[in-house]
K.L.:
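One structure is given below, represented as structure tokens, and several questions about it will come after.
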2 protein chains.
Amino acid sequence: MTLHLNTLSVDSRDPAALAGFWSQALDWFVLMQSDDQALIAPAQSREELPGAVAVLFLRNEEPKTDKNRWHFDLAPDDQDHEVARLEGLGARRTDVGQHDVTWVVMADPEGNEFCVLHSLPATG
Amino acid sequence: MTLHLNTLSVDSRDPAALAGFWSQALDWFVLMQSDDQALIAPAQSREELPGAVAVLFLRNEEPKTDKNRWHFDLAPDDQDHEVARLEGLGARRTDVGQHDVTWVVMADPEGNEFCVLHSLPATG
């Protein structure tokens, strides 16, 4: 058998704009963009980082209705700083019923929920 | 700034079972599993494959209602063979209105949609 994860594909009203948000959020590369789709990845080619995931934003006009069942959990060095930076890029804090937790629940400009985890412990 | 993609987190009614399906589907490793969560990744440690995504299945009893907005696109060497293998693991073909396309739309045992792309061209 050979079956590789080719992309994580994400429905989007505006693929180029959403790829812009996420490439800045994660400091990833925009590898391709057109009116209908945009591809981002943590490296400029697959050869550079074999096994790295690429995210493909695909134009889809269906409205988002419920909380997504798939989401990113992001690990920051400084949670407060990264939350503020992401708000500056167009994300917002959101409430999915999380109550008192160590992570911050946010939504990207199209409402896709994600979490910014507690800051990593300082090392060294 | 430092913000890393820690995991792709997936709501699941049965995290251990769903991690079992996907680890077999992708030939990935189960790195951790408990009653409430299970973690799979393409390598046994992060150092081995920088940039690779780990998938964390999290217990969530909310029913899946709509088509997911986030899904995997998988690249097979042999589409027919891989589709049959995935059916043997508990996936099924599903219809999201895709009509006549080169990829096969399937759903995992909890209904999460994914696509098996057209077979890769043989290289020689």
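Predicted model only: the values in this text are computed from it and were never measured. The chains referred to below are lettered A, B, ... by the order of the sequence lines, with proteins before strands, and numbering in each begins at 1.
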K.L.:
Linking I/L/V/M/F/W/Y whenever their side-chain heavy atoms sit closer than 4.5 Å, directly or via other members, would B/V55 and A/W70 fall into one cluster?
P.N.:
yes
K.L.:
Do you know which two heavy atoms are closest between A/L58 and B/H71, and how far apart they sit?
P.N.:
CD1-CE1, 4.3 Å
K.L.:
Tell me which of these, B/L117, B/L56, B/N6, has more heavy-atom pairs under 4.5 Å with chain A than the rest.
P.N.:
B/N6
K.L.:
What distance do B/L3 atom CG and A/Q79 atom CD have between them, rounded to the nearest 0.5 Å?
P.N.:
10.5 Å
K.L.:
With a 4.5 Å heavy-atom cut-off, do A/V53 and B/L8 have their side chains touching?
P.N.:
no
K.L.:
Could you note down all residue pairs passing salt bridge (Lys or Arg N to Asp or Glu O under 4.0 Å) where residues 102-112 of chain A supplies at least one of them, sequence neighbours left out?
P.N.:
none
K.L.:
Quick one: do B/L26 and B/L18 end up in the same hydrophobic cluster if we chain Ile, Leu, Val, Met, Phe, Trp and Tyr together by side-chain heavy atoms under 4.5 Å apart?
P.N.:
yes
K.L.:
Heavy-atom pairs under 4.5 Å with chain A: which of B/S9, B/A52, B/C115 has the most?
P.N.:
B/S9
K.L.:
Hydrophobic cluster membership, with links at side-chain heavy-atom distances under 4.5 Å among I/L/V/M/F/W/Y: are A/L31 and A/F21 in one?
P.N.:
no
K.L.:
Would you check if A/L74 and B/L5 make a side-chain contact, meaning some heavy-atom pair closer than 4.5 Å?
P.N.:
yes
K.L.:
Just to verify, what does B/F114 make a ring-ring contact (aromatic ring centres under 6.0 Å, His included) with, not counting sequence neighbours?
P.N.:
B/W22
K.L.:
Are there residues of residues 59-68 of chain A whose heavy atoms fall under 4.5 Å of chain B's heavy atoms? If so, which?
P.N.:
A/N60, A/E62, A/P63, A/K64, A/T65, A/D66, A/K67, A/N68
K.L.:
Do B/F72 and B/W103 belong to the same hydrophobic cluster, where Ile, Leu, Val, Met, Phe, Trp and Tyr are linked whenever their side-chain heavy atoms lie under 4.5 Å apart, directly or via other members?
P.N.:
no
K.L.:
Select one option (side chain, backbone, both, neither) describing which atoms of A/P76 are under 4.5 Å from chain B's heavy atoms.
P.N.:
both
K.L.:
Using a heavy-atom distance cut-off of less than 4.5 Å, which residues of residues 88-96 of chain A contact chain B?
P.N.:
none
K.L.:
Give the cluster check for A/V30 versus A/F57: same hydrophobic cluster or not, with ILVMFWY residues linked at side-chain heavy-atom distances below 4.5 Å.
P.N.:
yes
K.L.:
Please identify, among A/V10, A/N112, A/D11, the residue contributing the most non-hydrogen atom pairs under 4.5 Å to chain B.
P.N.:
A/D11
